[in-house]
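One structure below.
What you are looking at is a predicted structure, and each value in this text was computed from that prediction instead of being measured.
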Amino acid sequence: EPEAQATSFHGLSVDTRKIRIASLFQYDLTGTPQSRLSLFLPEGFLPLKIESADLNDWNISDEEEIVLEYSKPVSGRVDIAMEGVTPLVAEDNEMLVDLPLPLDVKKGETFCGVWFEESQSGRLVEFSTWKALAPSALPKQILQLKKTAPRFAFQTNELEPDLPLIDLT
């Protein structure tokens, strides 16, 4: 019986037209090795780059799921690095922080840092299933993405967390 745990690290860069998302998923797979792993994708998410050892191919099975197929079954520690973008409608005065998330995991932890490009700013309105962190408390996997500290930082242990809401200014 395969069992998966995953820690997810996300860095979001928000500008006037799009949200660039850099994600790292660190899986711990026990039991039967798996030849496929699946991730939930936010609405409108366009993957630009996906890297993982022994990754053979990937496809978007429906609008909200990407399936990664490995050249041989994987187990133990499996890292997946993914970069992509989602559109940000310029008239929107708010944004939901919708993230790629691992599917079919028994236990998970997710960290997120949000940066704004120079012309954008925001105010965190709602983050019910998330815990706000000091930006410096984020793991190095996120902090190394940019030279400056993120504007917002949060963490959750929920497998399907509510989406944090940010008022854009």
Under 4.5 Å between side-chain heavy atoms, chaining through other members, with only Ile, Leu, Val, Met, Phe, Trp and Tyr counted: pull out the rest of the cluster around V85, sorted by chain and number.
L46, L48
For K131, give me all partners under salt bridge (charged side-chain N to carboxylate O under 4.0 Å, His left out), at least two apart in sequence or on another chain.
none
How far does CG of L96 sit from OG1 of T86, to the nearest 0.5 angstrom?
10.5 Å
Heavy atoms, side chains only, cut-off 4.5 Å: are L101 and E160 in contact?
no
Tabulate below the donor-acceptor pairs under 3.5 Å that side-chain atoms of residues 74-82 make, not counting sequence neighbours, or state none.
{"from": "R77", "atom 1": "NE", "to": "D79", "atom 2": "OD1", "distance (Å)": "2.6"}
{"from": "R77", "atom 1": "NH2", "to": "D79", "atom 2": "OD1", "distance (Å)": "3.4"}
{"from": "R77", "atom 1": "NH2", "to": "D79", "atom 2": "OD2", "distance (Å)": "3.2"}

Spell out, yes or no, whether L39 and I60 are grouped together once hydrophobic residues are joined by side-chain heavy atoms under 4.5 Å, including indirect joins.
yes
Can you find a pair of side-chain heavy atoms, one from P164 and one from F152, that are under 4.5 Å apart?
no
Using 30° and 60° as the class boundaries, would you call the ring planes of F154 and F127 parallel, tilted or perpendicular?
parallel
If two hydrophobic side chains count as joined below 4.5 Å and joins carry through other members, does F116 share a cluster with L124?
yes
Return the minimal non-hydrogen interatomic distance between L12 and C112, and the atom names on each side.
CD1-SG, 3.7 Å
What's the spacing between S38 OG and L68 CG if we round to 0.5 Å?
7.5 Å
Decide yes or no for R151 and V114: does some side-chain heavy atom of the first lie under 4.5 Å from some side-chain heavy atom of the second?
no
To the nearest 0.5 Å, how far apart are CG in L88 and CE in M95?
7.0 Å
What distance do E117 atom CD and R20 atom CZ have between them, rounded to the nearest 0.5 Å?
9.0 Å
Shortest non-hydrogen contact from L29 toward A4
CD2-CB, 3.5 Å
Would a distance-only check, ignoring hydrogens and angles, find a side-chain to backbone donor-acceptor pair under 3.5 Å from W130 to A153?
no
Donor-acceptor pair, distance only, cut-off 3.5 Å: does the side chain of T129 make one with the backbone of D162?
yes
Which residues satisfy the side-chain hydrogen bond (donor to acceptor under 3.5 Å, both in side chains) test with N157, sequence neighbours excluded?
Q155
Rounded to the nearest 0.5 Å, what separation is found between the OG atom of S8 and the CG atom of L99?
8.5 Å
Least distance between heavy atoms, P33 atom then P73 atom:
CB-CB, 3.5 Å
Looking at residues at least two apart in the chain, or sitting in another chain, which of them share a salt bridge (charged side-chain N to carboxylate O under 4.0 Å, His left out) with K107?
none
Of all residues at least two apart in sequence or in a different chain, which pass the salt bridge (charged side-chain N to carboxylate O under 4.0 Å, His left out) check with E69?
R36
Can you tell me which residue pairs pass the ring-ring contact (aromatic ring centres under 6.0 Å, His included) test with a partner in residues 22-56, sequence neighbours excluded?
H10-F25
Can you list, by chain and residue number, the hydrophobic cluster partners of F111 when the side-chain cut-off is 4.5 Å?
F9, L24, W115, L133, L138, I142, L143, L145
With rounding to the nearest 0.5 Å, note down the distance linking CD1 in I66 to CG in L37.
11.5 Å
Quick one: list whatever passes side-chain hydrogen bond (donor to acceptor under 3.5 Å, both in side chains) with D54, sequence neighbours left out.
none
Connected via hydrophobic side-chain network under 4.5 Å: L103 and V67:
no
Shortest non-hydrogen contact from P100 toward I21
CD-CG2, 4.1 Å
Got a sec, which residues hit salt bridge (charged side-chain N to carboxylate O under 4.0 Å, His left out) with E51, two or more places apart in sequence or on another chain?
K49
Please give me the minimum heavy-atom distance between I166 and G122, naming the atom from each residue.
CG2-CA, 3.9 Å
With sequence neighbours excluded, tell me which residues meet side-chain hydrogen bond (donor to acceptor under 3.5 Å, both in side chains) with T110.
none
Work out which heavy atom in G108 is nearest to a heavy atom in L159; give both atom names and the distance.
N-CD2, 3.4 Å
Under the rule for side-chain hydrogen bond (donor to acceptor under 3.5 Å, both in side chains), what residues qualify as partners of D167, not counting sequence neighbours?
R123
